[in-house]
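Take a look at the structure set out below.
Whatever order the structure lists ligands and atoms in, that order sets their numbers, starting from 1.
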Amino acid sequence: MITRRKLIAGNWKMNIMLSEGLKLANSIDEYINSQESPDCDLLICPTALILSDLSEKLINSSIAVGGQNCHAEISGAYTGEISASMLKNSGASYVILGHSERRHGLNETDNMVQLKVTAAQNAGLNAIVCIGETENERETNQTIAVLTKQLENSLPSDSSILNGTNTIIAYEPVWAIGSGKTPTNDQITEVHNHIRECLDKIIGEQANRIRILYGGSMKPDNAASILELDNVDGGLIGGASLNAKDFCAIVSAID
Ligand code: PEP
């Protein structure tokens with residue numbers, strides 16, 4: 001049987017400047033070092049502006065750093081954009097792609113996400129590909145259809161390059177992000193099992209190695225019950241990752 005090591009990833013979004021970020025990363029690192037090494041991978045995704053400093057600070061730590069987005073092109077006349085290799089060069093090993101704040105706030109399409117995932121993987125980054133339904137889509141029973149389409153169209157068409165290291169899926173219901181609302185455990189299980197089946201169809205043998213994270217109002221008080229569900233291989237944490245105590249409590253919720 002394949003065991004997938006859980007991943008707990010913090011998405012700091014457009015929060016936290018350099019000195020605060022270094023302090024927060026340090027507190028998380030100290031906590032991790034004070035424990036028997038946590039049985040999971042850890043990731044922090046700060047603003048790209050402090051990626052280099054954070055990755056230097058965490059050079060001897062087990063905490064990885066990642067970007068929150070990248071451009072699909074390798075380089076060129078794309079004012080204000082950041083390429084995957086620039087993230088890599090700044091010390092990132094992961095990048096979050098297709099976050100709902102980009103899909104819905106900045107009109108990012110599946111096709112754009114697909115190109116970014118390809119660029120990220122070609123640059124040697126592990127792509128965390130986010131998918132999720134809106135509240136209206138859930139209420140009108142479209143959840144499974146919406147997620148299937150997002151998954152099929154956001155992953156690179158050459159699925160032979162996808163594996164359990166360079167591809168991570170994050171199920172993030174749009175209505176759960178930052179709202180304090182979460183799906184029931186049965187709803188999360190239904191979706192994660194479905195994603196696993198879709199991955200199986202798209203990728204075949206490697207599908208069982210790919211981690212599927214849950215994201216959306218994961219907090220210390222609900223983390224343990226979500227993280228123990230079948231096919232939940234970790235969490236993508238927004239608000240609660242901005243506070244060392246809450247983020248570490250979520251890490252501790254993994255048994
Ligand atoms: C997110 O934005 O990826 C997220 C999960 O946010 P929150 O934990 O704040 O709901």
Numbered in order shown, the ligand 1 atoms found under 4.0 Å of a heavy atom of L236 are 3 (O), 5 (C)
Against heavy atoms of G216, which atoms of ligand 1 measure under 4.0 Å?
5 (C), 10 (O)
Per-atom contacts of ligand 1 with A176, taking only distances under 4.0 Å to non-hydrogen atoms:
10 (O)
Determine, for K6 against D233, whether the closest basic-nitrogen to carboxylate-oxygen distance falls under 4.0 angstrom.
no
The protein heavy atom nearest to atom 1 (C) of ligand 1 is H99 NE2, 3.2 Å
Nearest heavy atoms of I250 and P220, plus distance in Å:
CG1-N, 3.8 Å
Quick one: which ligand 1 atoms are inside 4.0 Å of a heavy atom on S217?
7 (P), 8 (O), 10 (O)
N/O of S179 under 3.5 Å from N/O of ligand 1, yes or no?
no
Can you confirm whether more than 12 heavy atoms, excluding those of R138, are under 6.0 Å from its CZ atom?
yes
Taking K149 first and then D110, would you say they form a salt bridge - that is, a charged N and a carboxylate O separated by under 4.0 Å?
yes
Enumerate the atoms of ligand 1 whose separation from the nearest heavy atom of G178 is less than 4.0 angstrom.
7 (P), 9 (O), 10 (O)
For ligand 1, the portion of I177 having any non-hydrogen atom under 4.0 Å away:
both
Just jot down the ligand 1 atoms closer than 4.0 angstrom to any heavy atom of E172, in number order.
1 (C), 3 (O), 4 (C), 5 (C)
Run the salt-bridge test on K181 and E135 with the 4.0 Å N-O cut-off and return the result as yes or no.
yes
Result for side-chain hydrogen bond (donor to acceptor under 3.5 Å, both in side chains) between N231 and one of R196, H192, R211 points to R196
Pull out every atom of ligand 1 sitting under 4.0 Å from any heavy atom of N11, numbered as shown with elements.
2 (O), 3 (O)
Taking a hydrophobic cluster as the set of Ile, Leu, Val, Met, Phe, Trp and Tyr residues connected by side-chain heavy atoms closer than 4.5 Å, whether directly or through intermediates, do Y171 and L162 fall within one such cluster?
yes
Regarding E108 and R103, does a basic nitrogen lie under 4.0 Å from an acidic carboxylate oxygen?
no
Looking at atom 2 (O) of ligand 1, what's its closest protein heavy atom, distance included?
K13 NZ, 2.5 Å
Would you kindly say whether T134 and E137 are connected by a side-chain donor-acceptor distance under 3.5 Å?
yes
Closest non-hydrogen protein atom to atom 4 (C) of ligand 1, residue and atom name please, with distance?
G238 N, 3.6 Å
Within-cut-off N or O pair, G239 and ligand 1, under 3.5 Å
yes
